[in-house]
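Keep in mind that this is a model prediction, so the values were computed, not measured.
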Amino acid sequence: MNLIKRRRIYYLCTIFLGLLLVGISFFANTDNVYIIGLGCGLCGGSGAKLIQLRKIASDPESARRFNTRQSEERAVFLANKSGNIMYLLVNLAEFTAIVVFMFMGNSKIINILSLAVFVQLFVRAGIMWYLNKKY
């Protein structure tokens, strides 16, 4: 399947998920603005990406360049490297926040942040184990 078509399907599913979140929050009569905000953000960001993909697909030269950039080995390597560095920086920021809240004496936030760090590390370890087994 073409890369642009796969991206379109992904962004359409993301828009559907956003609309689902907004619909659930309206029909459930909840005042949780975070669910509405998340749904609207998913719809808006994915809609912008769909417009961008439509513009790329309308010009054959830009579509060829897009496909080349997405499958180029150097670009894939740099994207993976930047993702790893960002993951480490996020973990450092979370650790710093845990230490700051520890000195402030706020144990509820420390528990929430510690749980978030644990889940991230557990998911990353699981993904790394799966990828090492598969490849």
Side-chain angles (χ1 to χ4, degrees):
M1 186 182 287
N2 191 358
L3 183 63
I4 293 176
K5 287 183 182 178
R6 283 189 296 180
R7 292 278 173 102
R8 279 185 182 162
I9 291 170
Y10 170 76
Y11 289 123
L12 284 172
C13 290
T14 309
I15 286 176
F16 176 73
L17 179 66
L19 290 174
L20 188 68
L21 286 173
V22 171
I24 287 172
S25 66
F26 280 133
F27 290 121
N29 266 343
T30 62
D31 292 334
N32 193 348
V33 294
Y34 299 113
I35 296 174
I36 297 171
L38 180 63
C40 291
L42 285 174
C43 289
S46 297
K49 283 293 194 180
L50 279 175
I51 292 170
Q52 184 181 31
L53 286 176
R54 191 173 88 192
K55 187 175 180 182
I56 288 171
S58 67
D59 182 23
E61 178 63 25
S62 64
R64 185 189 60 78
R65 281 184 286 150
F66 176 76
N67 285 330
T68 304
R69 275 185 278 147
Q70 294 298 317
S71 61
E72 187 178 77
E73 185 176 333
R74 180 177 173 267
V76 171
F77 171 76
L78 290 176
N80 289 337
K81 188 73 171 171
S82 66
N84 289 336
I85 291 171
M86 195 65 205
Y87 174 76
L88 292 174
L89 289 175
V90 166
N91 279 341
L92 181 66
E94 289 171 341
F95 176 73
T96 305
I98 289 171
V99 170
V100 166
F101 284 118
M102 183 178 68
F103 285 125
M104 292 173 56
N106 198 338
S107 64
K108 286 183 181 180
I109 295 180
I110 292 172
N111 291 339
I112 293 170
L113 286 174
S114 299
L115 179 65
V117 170
F118 171 75
V119 168
Q120 285 176 353
L121 291 174
F122 185 73
V123 168
R124 182 171 172 93
I127 290 172
M128 293 298 287
W129 176 79
Y130 172 75
L131 291 176
N132 283 330
K133 288 286 190 185
K134 186 174 181 180
Y135 300 108

Can you tell me how far apart [atom1] ([X]) and [atom2] ([Y]) are? Round to the nearest 0.5 Å.
X	Y	atom1	atom2	value
L19	T14	CG	OG1	11.0 Å
R6	I9	CZ	CD1	9.5 Å
D59	R64	CG	CZ	10.0 Å
L20	I35	CG	CD1	11.0 Å
I4	R54	CD1	CZ	13.5 Å
S46	I51	OG	CD1	11.0 Å

Any link between [X] and [Y] through a network of hydrophobic side chains (Ile, Leu, Val, Met, Phe, Trp, Tyr) touching at under 4.5 Å?
X	Y	answer
L131	Y87	no
I24	V22	no
V123	L115	yes
I110	M104	yes
V117	V100	yes

What pair of heavy atoms forms the shortest contact from [X] to [Y], and how long is it?
X	Y	value
P60	S58	CD-O, 3.7 Å
L53	R7	CD1-CB, 3.4 Å
C43	I15	SG-O, 3.6 Å
E94	Q120	OE1-OE1, 2.9 Å
I56	S62	O-OG, 3.0 Å
I36	F26	CD1-CE2, 4.4 Å

Exercise. Show the numbers, then the answer: is there a side chain to side chain contact (heavy atoms under 4.5 Å, CB included) between L78 and R74?
Key: CA-CA 6 Å; L78 290 176; R74 180 177 173 267; 3.9 Å; yes
Quiz item: Got R124 and N84 here, is their nearest side-chain heavy-atom distance under 4.5 Å?
Solution: yes
Self-check item: Minimum side-chain heavy-atom gap N91-L121 below 4.5 Å
Solution: yes
Quiz item: Should the heavy atoms of other residues, nucleotides or ligands under 6.0 Å from CD of E73 be counted, would the total exceed 12?
Solution: no
Exercise. For atom CZ of F16, decide whether the heavy atoms of other residues, nucleotides or ligands shown that lie under 6.0 angstrom number more than 12.
Key: no
